[in-house]
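By convention in this document, chain letters (A, B, ...) are assigned in the order of the sequence lines, proteins followed by strands, and residues within each chain are numbered from 1. Nothing here was measured: the structure is a model prediction, and the numbers come from that model.
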Amino acid sequence: MQRIFFQKPTLWVAKNLLGRTLIRRWRGREIRASICETEAYVGENDLACHASKGRTKRSEVLFAKAGTAYVYLIYGMHYCFNVVTEKSDFPAAVLIRAVSIDGKNFSGPGRVCKALHIDKRFHGQNLIKNKELRFERRLGGRLKFSQIKSGPRIGVEYAGAWAKKPWRFWTIGERSVK
DNA sequence: GATAAGATCATCT
DNA sequence: GATGATCTTATCA
């Protein structure tokens with residue numbers, strides 16, 4: 001996929017990633033994961049976004065070029081995989097929350113990373129031309145708008161009004177709620 | 001089935 | 001020293 005895709009508005013990217021395939025080359029195999037749930041984190045004003053505290057060592061990568069991987073560890077044991085969006089120096093990203101592999105559902109950022117063997121080695125890597133981890137161009141037509149649902153993001157209650165924004169997107173039939 | 005607790009650490013204050 | 005963009009397991013009903 002081209003960088004220009006990720007340079008578009010984050011909410012657009014989050015929606016348009018649904019139904020696309022993420023391909024992970026691992027030990028000579030190709031793991032094909034269809035994306036079924038995403039979340040958008042947009043800018044320093046978004047209190048749920050890690051960049052809301054400014055440009056720090058942790059959030060630095062969010063300011064990088066669109067198409068860069070943002071991977072971090074949470075709760076001491078789970079990795080979360082994001083793709084940086086929009087223009088450089090504007091901190092925004094899309095979190096991959098759930099994928100489907102061989103018909104099996106992996107819901108939750110931690111499980112997605114486990115299934116795809118993603119860890120902090122990918123942090124800061126450019127995914128536009130990456131052999132180990134890349135997005136496939138869509139094969140069929142684009143997902144119908146009616147197949148996409150949205151709702152508030154998960155686990156960000158502390159973000160006040162920002163927590164209520166319907167910036168989580170999932171495909172119908174794949175909802176993975178807690 | 002539902003809810004609660006425990007794990008465990010990089011990053012920020 | 002506190003705290004998460006969480007998941008698994010245990011303990012209830």
### Message
Using a heavy-atom cut-off of 4.0 Å across all strands, would you classify A/Tyr70 as base, sugar-phosphate, or nothing?
### Response
base
### Task
Find the distance A/Leu62:CG to B/dC12:P and express it as a whole number of Å.
11 Å
### Query
With no hydrogens and no angle check, do the side chains of A/Glu86 and A/Thr10 hold a donor and an acceptor under 3.5 Å apart?
yes
### Residue-phosphate contact under 4.0 Å: A/Tyr158 side-chain N/O, C/dA5 OP1/OP2
yes
### Task
Kindly state whether the ring of A/Tyr41 and the ring of A/Trp162 have centres lying under 6.0 angstrom apart.
no
### Message
Let's see if you can work this out: which of C/dA5, C/dT6, B/dC12 has an atom nearest to the side-chain heavy atoms of A/Asn82?
### Response
C/dA5
### Message
What is the separation between atom CE on A/Met77 and atom P on B/dA5, rounded to the nearest whole Å?
### Response
17 Å
### Query
With a 4.0 Å cut-off, would you call A/Arg20 and A/Glu136 a salt bridge?
no
### Task
Provide, to the nearest angstrom, the distance between the CH2 atom belonging to A/Trp167 and the C1' atom belonging to C/dA5.
14 Å
### Query
Should A/Glu30 and A/Arg134 count as an ion pair when the cut-off is N to O under 4.0 Å?
yes
### Query
Looking at B/dA10, C/dT6, C/dT8, which one has an atom nearest to any side-chain atom of A/Arg111?
C/dT8
### Query
In Watson-Crick or G-U wobble terms, both distances under 3.5 Å, what is the partner of C/dT3?
B/dA10
### Task
May I have the distance from A/Arg55 (atom CZ) to B/dC12 (atom P), rounded to whole angstrom?
13 Å
### Query
What nucleotide among C/dT6, B/dT11, B/dC9 has an atom nearest to a side-chain atom of A/Arg58?
B/dT11
### Proximal nucleotide (of B/dC9, C/dA5, B/dC12) relative to the A/Lys57 side chain
B/dC12
### Query
According to a strict under-4.0 Å criterion, is A/Arg97 in side-chain N/O contact with OP1 or OP2 of C/dT6?
yes
### Task
Would you mind reading off the distance between A/Glu157 atom CD and C/dG4 atom P, rounded to a whole angstrom?
10 Å
### Message
Among A/Glu37, A/His78, A/Glu39, A/Arg97, which residue satisfies the side chain to side chain contact (heavy atoms under 4.5 Å, CB included) criterion with A/Pro109?
### Response
A/Arg97
#### Entry: B/dA10 base stacked by A/Tyr72 (centroids within less than 5.5 Å, tilt under 30°)
no
